[in-house]
Structure formats: structure tokens, C-alpha cells
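Position 1 is the first residue of the sequence, and the numbers go up from there. Just follow the structure's listing: the first ligand is 1, and inside any ligand the first atom is 1. Please read these numbers as outputs of a predicted model, since none were measured by experiment.
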Amino acid sequence: MSLTLGIDLGGSAIKAGAVDTDGGEVVGELQSVPTPAGATLEATRAALASLAARFPDCRGPVGLAFPSVVKAGITYTAANVDRGWIGADAAALLTAAAGRPGVVVNDADAAGVAEMRVGAGRGERGVVMMLTFGTGIGSALFADGRLWPNTELGHLEVDGREAEHRASARVRTLERLDWPAWCERVNAVLARYHTLLWPDVFIIGGGVSERWEEFAGLLRSPARIVPAKLRHTAGVVGAALYAAETAVH
Ligand code: BGC
């Protein structure tokens, strides 16, 4: 069994785990540290180094799921992290911090890759849209299993405001929305996405998916709506799968 380190940088915590990339499973305990305030480059580098040092058995590349547009290791946006990440060579920073080849991927794309491979999207053809509801709204779009990266649909305007400013899990908490009020907003977002891209399936992930039973019955769309299966491990597993497949060894 080959173990690959996967790391997921979220709004409140950075999680890391050793992933069996054949089975797509976390082996052993996830480790986490609080996300440094503002997630500046230097503080994040130190946090990544301390997490990576806890996984001496993971060899080969390390994958990082990061909340930004990522192309060839460069982060291009910074909606919920320090603006210093815009144009930063995140892969080089990760490589230096972890002491092994670093691969960086958008966090929702990572979660989507994991769900498609070993979770709720397994075997799904057609158009699948994975959405993560957390600090922001992340999106990962698949056509017949192939990822269209960096779709960033959380920033699409819905009724005059960015989708993630109306319907992220963070907004639900901040505005103390009950499930019906929040789901009404989510349904407006799903309707807009459906009009544009006609997905066959929405996979609902992110921290809020842990409470799926409490709100599932309130969601509506002409597309099927299913919960993510990997829940809080999707980013870690997806980052490791992505790294194992794309890193230059
Ligand atoms: C970011 C995306 C990210 C999403 C979920 C958005 O604000 O722009 O890159 O996938 O949040 O974390």
C-alpha cells in the first residue's frame, strides 16, 4: 500500500492525512492545526511544515487542496485567504515546507475528484456538479468523469449578490438562518447553476453536509441532489489522489 500525504486548507483548520491512493481512504488519524489568522503565506508555510513533519511514512508527492484558482501550482485568487496568495507559487512553497514535491489543487476540485473516485459520484456519467458549502461555496464540474477545473461558481451572481455571500455555511451561521431560510437561498443558487449548466446530479459537500439529514428534504432542483460521502475527509483524499496522479516524481 502506498501512502500519500493530503492536506486541506479550510477557513478554520488545516487538516492532513495519510491516504491510501489505491483505496482512496485515509489511513490512521487526521491531524489538524488551526488555520493561521488571514492565512498569510509565511504563517501557512510554517503550519504546512509542522503538519508534514507528522507523516514521515508518506513518501512521494504531497497534495494541498487550497481555496483559490490554481493553475500549474500558481494561486490566482484569494477570496477567503490573504491577498499575498494572488500570483504566488504555492507549489514551490508547499514543496519547501513539506520537503517533498508539492502539488496544489483547488479545494472543491480536490473534494470533487475524491467523490467521483470513491464517493457519491462513483460511476456517475453525464454532468456532475460537486458543491462545497463552508466558508465560501466551492464548485467542481465533471463531464463523463472528467474535471473542468477552477469553475469558481461560488462567485456567480444570484439575485444581485455572489452566491457564496448569500448561501455559504458561514453566512448561515453569521445571519443565524434556520434550515428553511438557508435552503431557500441554496435552492435559488442551484436553480441558477441548473439553468446555466444543466447538471444531472448535484453532490452537496462541505462542513454543512455533516448535518445533511436536517436539511436534505428542503432542497429542490430538477437535477438529482445527493450528499457527499466522504464528508470532512474529501479534500484530504482528493488532494492526495490528485498529487499521486499528477506529480513529477
Ligand atoms: C474560492 C474557491 C473555493 C471556495 C470554497 C471560494 O471563495 O474562490 O476557490 O473553492 O471558496 O473554499
Side-chain angles (χ1 to χ4, degrees), residues 6-16 32 34-41 44 47-48 63-88 90-91 93-94 103-116 121 128-142 147-158 161-174 182 185-186 189-190 192-193 197 199 202-210 228 230-239 241-242:
I7 306 180
D8 182 18
L9 187 142
S12 50
I14 309 180
K15 291 177 283 196
S32 72
T35 304
T40 58
L41 271 73
T44 303
L48 294 174
L64 172 65
F66 194 86
S68 167
V69 169
V70 188
K71 287 168 94 74
I74 309 291
T75 41
Y76 283 94
T77 58
N80 293 307
V81 288
D82 188 79
R83 293 185 61 78
W85 288 96
I86 298 175
L93 181 144
L94 174 64
V103 175
V104 185
V105 56
N106 172 264
D107 57 354
D109 286 345
V113 163
E115 290 292 338
M116 292 302 286
V128 178
M129 191 182 289
M130 161 94 192
L131 297 172
T132 62
F133 291 84
T135 307
I137 296 178
S139 61
L141 187 65
F142 295 84
L147 172 68
W148 178 307
N150 296 308
T151 44
E152 293 290 321
L153 293 172
H155 300 295
L156 193 78
E157 273 193 22
V158 179
R161 269 160 82 195
E162 282 187 40
E164 75 174 26
H165 293 162
R166 295 168 56 86
S168 67
R170 178 169 63 145
V171 167
R172 188 184 79 81
T173 310
L174 282 178
W182 180 69
R185 294 187 184 192
V186 173
V189 169
L190 298 184
R192 184 100 168 84
Y193 293 165
L197 293 158
F202 284 112
I203 301 176
I204 307 295
V208 78
S209 66
E210 313 259 352
L230 286 91
R231 314 250 164 148
H232 68 290
T233 63
V236 166
V237 171
L241 290 175
Y242 202 85

What about T132: any of its N or O atoms under 3.5 Å from an N or O on ligand 1? no
Enumerated ligand 1 atoms positioned under 4.0 Å from heavy atoms of G138: 4 (C), 5 (C), 10 (O)
Counting non-hydrogen protein atoms only, what is the nearest one to atom 3 (C) of ligand 1? Give residue, atom name and distance. D107 OD1, 3.2 Å
Check each atom of ligand 1 against the heavy atoms of P67 and keep those under 4.0 Å away; list them by number with element. 1 (C), 3 (C), 9 (O), 12 (O)
H155: numbered ligand 1 atoms lying under 4.0 Å from its heavy atoms: 1 (C), 6 (C), 7 (O), 8 (O)
To the nearest 0.5 Å, how far apart are CE in M130 and CE in M116? 10.5 Å
Looking at non-hydrogen atoms alone, which of E162, E164, H165, E152 comes nearest to atom 7 (O) of ligand 1? E164
Using ring centroids (six-membered ring only for Trp), state whether W85 and F66 fall under 6.0 Å. yes
Applying a 4.0 Å heavy-atom criterion (strictly less than), which segment of S68 is in contact with ligand 1: side chain, backbone, both, or neither? backbone
Check whether more than 12 heavy atoms from other residues, nucleotides or ligands sit under 6.0 Å from atom CZ of R83, and answer yes or no. no
Rounded distance [0.5 Å steps], CD1 in I86 versus CD1 in I74: 13.0 Å
Only one of T77, V105, D109 clears side chain to side chain contact (heavy atoms under 4.5 Å, CB included) with N150; which? D109
How long is the gap from NE2 on H155 to NE2 on H165, to the nearest 0.5 Å? 7.0 Å
Keeping S168 on the side-chain end and G136 on the backbone end, is there a donor-acceptor pair under 3.5 Å? no
Does the residue N80 have a heavy-atom contact with ligand 1, meaning some pair of atoms that are separated by less than 4.0 Å? yes
Applying a heavy-atom cut-off of 4.0 Å, say which part of A79 lies close to ligand 1: side chain, backbone, both or neither. side chain
Ligand 1 contact on I137 by region, counting heavy-atom pairs under 4.0 Å: backbone
